[in-house]
**Student:** 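Starting off with a structure, shown below.
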2 protein chains.
Amino acid sequence: MYAMSIWTSPERPARGPKPVYSRARITEAAIRIADAEGLEAATMRRIAAEIGAGAMSLYRYVPSRDDLIELMADRLTGEIDLTGVPSGDWRADLTRYADELRAMWRRHPWIAAVPRSLPGLGPNQLRLIERLMGVLDPHVPIDENLGLVGLLNGYVEGAVREEIGAAEELRRSGLSEPEWMARNHAHVDRLVKSGDHPIFTKIVMEARRPHLSRDDQFRHGLRRVLDCVAAALPPAT
Amino acid sequence: MYAMSIWTSPERPARGPKPVYSRARITEAAIRIADAEGLEAATMRRIAAEIGAGAMSLYRYVPSRDDLIELMADRLTGEIDLTGVPSGDWRADLTRYADELRAMWRRHPWIAAVPRSLPGLGPNQLRLIERLMGVLDPHVPIDENLGLVGLLNGYVEGAVREEIGAAEELRRSGLSEPEWMARNHAHVDRLVKSGDHPIFTKIVMEARRPHLSRDDQFRHGLRRVLDCVAAALPPAT
DNA sequence: TGCTCATTGCGTACATCGTACTCGGTGACC
DNA sequence: GGTCACCGAGTACGATGTACGCAATGAGCA
């Protein structure tokens, strides 16, 4: 028997002893660990220990670790609350989506480390597609819609990556904060002092200044993206 | 002694026997393997075998596998040719960059699997920053510039991910092509036939139609992004 | 009621990974 | 010509994902 795609294999048939655990419990435990210590800390043994199970017991519920990660990603998508969308006001809807997506990424920064080439097809992900793309669906052809939603996703993803970047890098390095700061600053300072990188130097100076609140910065960029979307819409929308 | 950031540890001091290999050769070999079989196939032992070295010999040149991946990423950035940029025509420059970036990603799709939260600081990456951000630097403040470049990067990345998605997913699954196609189509067909996902169905139908050339599609979306950039520029540019 | 056997949780075991430690050999420097 | 920093690489360790097998369980049928 081949391993089936996770979404096509049912939770469980009947007969025999009742299952003690569940996909949901396992997924939840894995997310808890990943939130606290990163995705690489969510090993099969560790997840099993978290729910008091033996390591191999997980495989009665999930075909492989990769499939479990797929489940985790879909569970995270489920946190994006789009009730009432589409509402008729596309700008408000997309802003709402962008805020929800950003909040979700900030709660679970390890999502950035999930290697995905194609969008997932879990129930939450499908529900999201319907709601989100329903916002522009009456107004633009489907391929245009895909492009615009992709643009929005790209913006949010990039912005959040920048927000969580330093903290994640610090965690991944395994160094203590002062150690990491010292090492990083030393290198950056050397580059700045060399004088060969004028624009990089500007970026560093800007980053070290107290800047706009993260929220305002995000909203500012988002407004630009939405203006871009507006330009692609038919005039009377 | 702590592991130093890869960019601060010099290639090699003097004294003792001459090194047989080099960072460049190792990086090259690793990229060759990753191109052919994915990043996960580029293990230390495999890379060493590729250049005829012992596995542990690599650690004379590179502190860790993660650092080696950093080197690989910078080498890939070096493939982005921006000679003559900035030219004075920002639109042409950014189009050139987008095309180069897309071509690079298509040559090395495994770059999508490199977990990076912060931009790298290798020599090629720094050179790119100077040239690329120099395009808009006279016209917009640095934080605005960062946002716009981020938007452009997000667009290209998203578009290329979509282009290489199916092929990468197929490779990662380890299944044979007909097997994967059968399984995937079966699941998608079930979703479509259920009737619960009208917009997803539209997407599938659109994807199965013979569509615009990839290049035209990419250029179309890119034009939209550049219009968005233009809107953020001061009027007389 | 009692037998059957699919299904349970999980211990053991293995291949593979990154890499710490260690060694004998080498050759630039004082 | 002696010293010793540096070379390449073998051995070994801990951790990982997971294949396999086994005893216990309990729903369905006789």
Side-chain angles (χ1 to χ4, degrees), chain A residues 1-4 6 9-23 25-26 29-30 33-34 37-72 110 113-115 172-174, chain B residues 1-4 6 9-23 25-27 29-30 33-34 37-72 110 113-115 172-175:
Chain A
M1 170 105 85
Y2 304 146
M4 295 174 85
I6 186 69
S9 70
E11 167 88 48
R12 212 118 289 273
R15 192 73 169 272
K18 269 171 194 150
V20 176
Y21 314 105
S22 68
R23 272 193 190 168
R25 254 186 86 184
I26 294 170
I33 296 170
E37 307 169 45
L39 185 62
E40 76 281 0
T43 67
M44 297 306 267
R45 286 171 233 262
R46 184 96 166 60
I47 297 166
E50 176 87 4
I51 60 174
M56 290 312 294
S57 303
L58 303 189
Y59 288 94
R60 293 281 171 197
Y61 301 84
V62 158
S64 73
R65 183 168 185 266
D66 281 351
D67 286 299
L68 175 53
I69 292 178
E70 200 82 4
L71 286 175
M72 294 164 73
W110 51 267
V114 176
R172 264 176 30 90
S173 76
Chain B
M1 169 103 84
Y2 302 148
M4 297 172 84
I6 185 69
S9 70
E11 167 88 46
R12 210 120 289 272
R15 194 71 168 274
K18 270 172 194 149
V20 176
Y21 314 106
S22 68
R23 273 193 190 169
R25 253 187 85 185
I26 293 170
T27 307
I33 295 169
E37 307 169 45
L39 184 61
E40 76 281 359
T43 68
M44 297 305 268
R45 288 168 232 261
R46 184 94 165 60
I47 298 166
E50 176 86 6
I51 60 174
M56 291 313 294
S57 303
L58 303 189
Y59 288 93
R60 293 280 171 198
Y61 300 85
V62 158
S64 74
R65 182 169 185 265
D66 281 352
D67 286 300
L68 174 55
I69 291 177
E70 200 83 4
L71 288 174
M72 293 163 75
W110 50 268
V114 175
R172 265 178 27 90
S173 75
L175 268 51

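Letters go in sequence order (proteins before strands), and every chain restarts at 1. Because only heavy atoms are used, hydrogens play no part in the values below, and waters and symmetry mates are left out as well, while side chains stay in.
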**Student:** Checking A:Glu40 against A:Trp110 for the side chain to side chain contact (heavy atoms under 4.5 Å, CB included) test, could you report, in this order, the C-alpha distance in whole Å, the side-chain angles of both residues, the deciding distance, and whether it holds?
**Tutor:** CA-CA 9 Å; A:Glu40 76 281 0; A:Trp110 51 267; over 6 Å; no
**Student:** Starting from C1' on C:dA20, measure out to OH on B:Tyr59 and report it in whole angstrom.
**Tutor:** 10 Å
**Student:** Between C:dG9, C:dT12, C:dT7, which nucleotide has the shortest distance from any of its atoms to the side chain of A:Ser57?
**Tutor:** C:dG9
**Student:** Which of these passes side chain to side chain contact (heavy atoms under 4.5 Å, CB included) with B:Thr27: B:Leu71, B:Ile69, B:Val62?
**Tutor:**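 For B:Thr27, the side chain to side chain contact (heavy atoms under 4.5 Å, CB included) test succeeds with only one of B:Leu71, B:Ile69, B:Val62, which is B:Leu71.
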**Student:** Write down the distance between CD1 (B:Ile51) and P (D:dC7), rounded to a whole number of angstrom.
**Tutor:**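 Going from CD1 in B:Ile51 over to P in D:dC7 covers 14 Å.
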**Student:** Side chains of residues 47-55 of chain A: which donor-acceptor partners sit under 3.5 Å, not counting sequence neighbours?
**Tutor:**
| from | atom 1 | to | atom 2 | distance (Å) |
| --- | --- | --- | --- | --- |
| A:Glu50 | OE2 | A:Arg32 | NH1 | 2.7 |

**Student:** Return the minimal non-hydrogen interatomic distance between A:Pro63 and A:Ile6, and the atom names on each side.
**Tutor:**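 For A:Pro63 and A:Ile6, the tightest heavy-atom pair comes out as CD-CD1, 3.5 Å.
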**Student:** Can you measure B:Arg45 atom CZ to C:dC17 atom P for me and round it to whole angstrom units?
**Tutor:**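 Going from CZ in B:Arg45 over to P in C:dC17 covers 6 Å.
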**Student:** Can you work out whether B:Asp66 or B:Lys18 has the more 5'-proximal nearest nucleotide on DNA chain C?
**Tutor:** B:Asp66
**Student:** Rounded off to whole Å, could you give me the CE-to-C1' distance for the A:Met44 and C:dG11 pair?
**Tutor:** 16 Å
**Student:** Side chains of A:Leu39 and A:Met72: closer than 4.5 Å at any heavy-atom pair?
**Tutor:**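 In contact.
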**Student:** Partners of A:Glu37 by salt bridge (Lys or Arg N to Asp or Glu O under 4.0 Å), sequence neighbours excluded?
**Tutor:** A:Arg46
**Student:** Whole angstrom is fine here: how far is it from CD1 in A:Ile26 over to C1' in C:dC10?
**Tutor:**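 After rounding, the gap between these two atoms is 13 Å.
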**Student:** Rounded to the Å, how far apart are B:Leu58 CG and D:dG10 C1'?
**Tutor:** 14 Å
**Student:** May I have the distance from A:Leu39 (atom CG) to D:dT16 (atom P), rounded to whole angstrom?
**Tutor:** 13 Å
**Student:** Which of these nucleotides, C:dT7, D:dT11, C:dT12, is closest to any side-chain atom of B:Met56?
**Tutor:**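 Ranking C:dT7, D:dT11, C:dT12 by closest atom to the B:Met56 side chain puts D:dT11 first.
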**Student:** Whole-Å distance between D:dG17 P and A:Tyr61 OH?
**Tutor:**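 Computing the A:Tyr61:OH to D:dG17:P distance gives 19 Å.
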**Student:** Hey, does the side chain of A:Tyr21 come within less than 4.0 Å of C:dC10's phosphate (OP1/OP2), counting only N and O?
**Tutor:**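 Indeed, a polar side-chain atom of A:Tyr21 lies that close.
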**Student:** Just checking A:Thr43: base, sugar-phosphate only, or nothing, at a heavy-atom cut-off of under 4.0 Å?
**Tutor:** sugar-phosphate
**Student:** With side chain to side chain contact (heavy atoms under 4.5 Å, CB included) as the test, would you mind laying out the steps for B:Arg25 and B:Tyr61 before giving the verdict?
**Tutor:** CA-CA 10 Å; B:Arg25 253 187 85 185; B:Tyr61 300 85; over 6 Å; no
**Student:** Please classify the nucleic acid contact of B:Ala48 as base, sugar-phosphate, or nothing, using heavy-atom distances under 4.0 Å.
**Tutor:** nothing
**Student:** Output the single nucleotide from D:dG26, D:dC7, D:dG10 whose closest atom is nearest the side chain of B:Pro19.
**Tutor:** D:dC7
**Student:** Look at A:Arg60 and C:dG9 and indicate whether a side-chain polar atom (N or O) is within less than 4.0 Å of OP1 or OP2.
**Tutor:**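 So the side-chain polar atoms of A:Arg60 never come under 4.0 Å of the phosphate oxygens OP1 or OP2 of C:dG9.
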**Student:** Estimate the overall bend of the helix from C:dT4-D:dA27 to C:dC30-D:dG1 from the end axes over five pairs each, rounded to 10 degrees.
**Tutor:** 0°
